[in-house]
Undergrad: 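Next up is a structure, given as structure tokens.
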There are 2 protein chains.
Amino acid sequence: MTAAAGRGRLKMKDVARDLGMSVATVSRVLSQPELVSAATAARVREAIDRLGYRPNLTARDLRRQETRIILVVVPRLSPFFLDVLRGAEAAAHEQGYTVLMAYSGGNPHREGRFLDQVLSRRADGAILVTSVDAAALAARGPALPPVVAALEPVDGLGLPTVRVDNVAAAMAATDYLVTLGHRRIAHISGPDDVPMAQHRAEGFGLAIARAGLDDGACHRIAGDFTLASGERAMARLLTRNPRPTAVFVANDEMAVGAVQVIRKAGLTVGDDISVIGFDDQRIANLYEPSLTTVHVPTADLGHEAVMQLVEAMAGRPAARDIVLTTRLVIRDTTGPART
Amino acid sequence: MTAAAGRGRLKMKDVARDLGMSVATVSRVLSQPELVSAATAARVREAIDRLGYRPNLTARDLRRQETRIILVVVPRLSPFFLDVLRGAEAAAHEQGYTVLMAYSGGNPHREGRFLDQVLSRRADGAILVTSVDAAALAARGPALPPVVAALEPVDGLGLPTVRVDNVAAAMAATDYLVTLGHRRIAHISGPDDVPMAQHRAEGFGLAIARAGLDDGACHRIAGDFTLASGERAMARLLTRNPRPTAVFVANDEMAVGAVQVIRKAGLTVGDDISVIGFDDQRIANLYEPSLTTVHVPTADLGHEAVMQLVEAMAGRPAARDIVLTTRLVIRDTTGPART
DNA sequence: ATGAAAGCGCTAACAG
DNA sequence: CTGTTAGCGCTTTCAT
């Protein structure tokens with residue numbers, strides 16, 4: 001019993017021979033049954049079942065030059081990206097495509113390898129749910145496969161993009177804190193080299209400047225989007241004197257970490273210190289106190305990205321840049337600045 | 001630039017012609033460079049880069065009869081399954097395989113279609129992180145591809161399995177509540193038709209019986225593993241008279257829902273009512289009060305499943321049934337029964 | 001060290 | 001309606 005012995009060894013030829021027919025007829029029963037007489041089709045199907053034949057999709061793909069597979073490349077396996085995937089999955093199913101997901105770990109090298117899978121026709125197209133290094137992508141040569149960027153644009157390649165306006169959303173969130181009377185607002189950002197983090201930090205900076213706040217009092221500390229890094233950043237912020245009265249955090253995970261540290265320090269969140277997160281992940285509404293945060297339509301992003309990809313794969317000109325709307329969801333971690 | 005027009009359709013033949021060589025030589029540079037002179041190899045690589053050539057993996061797969069791809073089929077896109085995927089991903093990477101993930105939605109039909117992908121040689125093997133309908137699987141014919149079941153066995157097919165002992169773990173959790181003096185212990189289970197849910201419920205029943213508790217006072221209500229269903233189930237349990245003093249819940253999500261309902265009812269969790277969850281997901285430790293729960297080594301399950309699959313694909317006899325250990329993690333939602 | 005040629009299993013003209 | 005045939009792009013003997 002070697003591995004090969006158990007595999008789908010039977011070929012179409014074997015089925016044809018069993019029936020005394022040509023492989024073309026068997027193939028037609030599988031691909032274009034309307035071209036075959038009902039009686040013949042029935043006989044063929046019976047033989048297929050009886051023999052346990054399975055078509056070799058690799059051969060079919062090679063011949064048809066398409067796979068009906070969409071590859072979704074995600075940088076991390078967090079619930080956030082899962083939501084995007086969920087939306088993509090639903091749209092692909094509607095369109096008769098199968099979604100396979102690949103995990104890049106944010107590693108440009110691995111990201112490139114998955115893109116090669118598409119370039120090499122193992123999938124018809126790809127969605128990059130990530131902020132890829134544009135240089136790494138450009139290095140893959142002039143011949144990019146059908147690719148749609150989701151969440152963040154990939155600079156300089158003119159890739160169709162489905163995203164949210166992180167800069168504007170971060171500004172709106174910061175503005176809200178200003179409206180509440182806060183003057184010393186800190187920002188816990190994501191990694192400096194991640195475009196999404198950069199944009200959210202940029203929005204923060206713009207809002208601070210526009211409000212005319214003292215930039216020196218508005219500290220910025222970088223985390224890495226994990227809860228633990230949010231805790232570390234907040235712990236450092238609490239040592240500043242005077243300490244901030246509000247913190248805008250670049251995602252919900254870090255925001256939860258920040259809230260925990262604030263509470264452990266004996267301070268009251270939403271009163272002593274206000275906190276705003278980003279993404280509106282499930283935990284934002286689940287945690288106590290529930291988190292004021294920026295809602296991002298993750299599933300819609302995935303759904304729309306697939307629709308754009310399907311257009312692109314069909315050779316139709318896709319919209320270059322689709323921006324979905326975010327909104328600030330006000331819950332329990334924000335309140336007026338105490339004077 | 002002579003290359004610009006190519007648009008990803010370049011074939012090996014085009015590279016060979018550009019160099020005045022045969023395709024065999026180009027192929028060797030890519031697959032078996034040691035058979036080619038260093039000078040030739042360098043020239044070929046230069047041309048490949050210059051022209052932006054990418055090999056067609058579908059053609060290669062067809063010829064080599066292998067893809068080095070492992071398909072991981074998950075029933076739901078929850079963090080729980082993500083953790084399993086994470087472990088699988090790591091192990092596959094070590095072994096030179098690429099993991100692609102497919103989402104079945106628990107739908108046996110779609111599960112079958114993904115299995116067909118493997119049977120049809122689009123992947124070398126698959127891991128079913130789920131509780132598949134054994135009948136649906138058996139119907140795929142005698143020629144099953146290399147498949148390993150993770151989390152739950154698939155009855156009657158003798159599939160290699162990597163799992164935890166849900167029955168024993170559920171018994172241990174329930175026993176702990178008995179030890180604390182609880183006599184009216186309820187169970188919020190998962191869907192009746194999901195084997196994992198069945199096993200956890202079975203363990204609960206065995207523990208209740210062994211402790212000689214009044215079965216009529218130990219209510220069972222089925223949820224669907226979502227937080228909202230845990231809330232609904234707990235709300236109903238609170239209407240029972242006398243109401244339970246402890247609840248064993250089949251996963252952490254539902255347990256969190258249950259805890260929220262208990263608190264909203266003005267009762268104290270861990271004092272008025274004890275709650276035990278299952279899985280030890282991140283939220284179990286994050287939520288306040290932190291959740292007493294059964295730790296499941298999710299990433300290890302994925303890792304071990306891949307290792308078993310690699311063995312199976314190599315034609316080596318894999319272990320039939322690997323059981324990883326769980327352990328009860330005692331946190332804040334459990335306490336002695338009040339007399 | 002390199003080239004010529006035979007397929008991998010399937011689909012799609014093109015003929016009957 | 002069904003059969004014959006020519007590939008899809010690549011790898012791998014078998015020659016040289």
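Quantities reported herein were computed from a predicted structural model and do not represent experimental measurements.
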Undergrad: Just the rounded figure in Å: distance from P of C:dT11 to CD of A:Glu66.
TA: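 These atoms are roughly 12 Å apart.
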Undergrad: Counting C-beta onward and ignoring hydrogens, is there a side-chain heavy-atom pair between A:Ile127 and A:Val84 closer than 4.5 Å?
TA: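 A:Ile127 does not reach A:Val84 side chain to side chain.
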Undergrad: Sequence neighbours left out, what passes side-chain contact (heavy atoms from CB on, under 4.5 Å) with B:Pro33? Give chain and number order.
TA: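 Expected list: B:Arg45.
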Undergrad: Show me the protein contacts with nucleotides 14-16 of chain C, counting only N or O atoms at under 3.5 Å.
TA:
none

Undergrad: Is B:Asp14 paired with B:Lys11 through a side-chain N to carboxylate O contact shorter than 4.0 Å?
TA: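 The answer is no: the pair does not qualify as a salt bridge.
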Undergrad: Taking the side chain as C-beta and beyond, is there a heavy-atom pair between A:Val306 and A:Tyr97 under 4.5 Å?
TA: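 In short, these two side chains do not touch, never coming nearer than 4.5 Å.
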Undergrad: OP1 or OP2 of C:dA1 sitting under 4.0 Å from any side-chain N/O of B:Thr40?
TA: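 No, no such contact exists.
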Undergrad: In whole Å, I'd like the distance from the CG atom of B:Leu35 to the C1' atom of C:dG3.
TA: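 Result: 14 Å.
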Undergrad: Could you pull out the closest heavy-atom pair between B:Ser120 and A:Asn56, with the gap in Å?
TA: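 Of all heavy-atom pairs spanning B:Ser120 and A:Asn56, the closest is O-OD1, 3.7 Å.
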Undergrad: Select base, sugar-phosphate, or nothing to describe what B:Ser31 touches, counting heavy atoms under 4.0 Å on all strands.
TA: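 Here B:Ser31 touches the backbone only, sparing every base.
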Undergrad: Is any side-chain N or O of A:Thr25 closer than 4.0 Å to OP1 or OP2 of D:dG3?
TA: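 Indeed, a polar side-chain atom of A:Thr25 lies that close.
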Undergrad: What is the separation between atom CD on B:Gln32 and atom P on D:dT11, rounded to the nearest whole Å?
TA: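 In whole Å, D:dT11 P lies 9 Å from B:Gln32 CD.
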Undergrad: Does a donor on one side chain sit under 3.5 Å from an acceptor on the other, for B:Arg64 and B:Ser31?
TA: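 Yes, because at least one side-chain N or O of B:Arg64 sits under 3.5 Å from a partner of the opposite role on B:Ser31.
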Undergrad: Assess the residue pair B:Thr161 and B:Asp321 against the criterion (side chain to side chain donor-acceptor pair (under 3.5 Å)); give the C-alpha distance rounded to whole Å, side-chain angles, the decisive distance to 0.1 Å, and a yes or no.
TA: CA-CA 5 Å; B:Thr161 301; B:Asp321 189 24; 4.7 Å; no
Undergrad: In the structure I gave you, are the side-chain heavy atoms of B:Leu128 and B:Val147 within less than 4.5 Å of one another anywhere?
TA: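 Yes, at least one pair of side-chain atoms sits under 4.5 Å.
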Undergrad: Atom CE of A:Met21 to atom P of D:dG3: distance rounded to whole Å?
TA: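 For the pair A:Met21 CE and D:dG3 P, the rounded distance is 7 Å.
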Undergrad: List every contact pair, protein side and nucleotides 5-9 of chain D side both N or O, where the distance is under 3.5 Å.
TA:
| from | atom 1 | to | atom 2 | distance (Å) |
| --- | --- | --- | --- | --- |
| D:dG7 | N2 | A:Arg63 | NH1 | 3.1 |
| D:dC8 | O3' | A:Gln65 | NE2 | 3.4 |
| D:dG9 | OP1 | A:Gln65 | NE2 | 3.1 |
| D:dG9 | OP2 | B:Lys11 | NZ | 2.7 |
| D:dG9 | N2 | B:Ala59 | O | 3.4 |

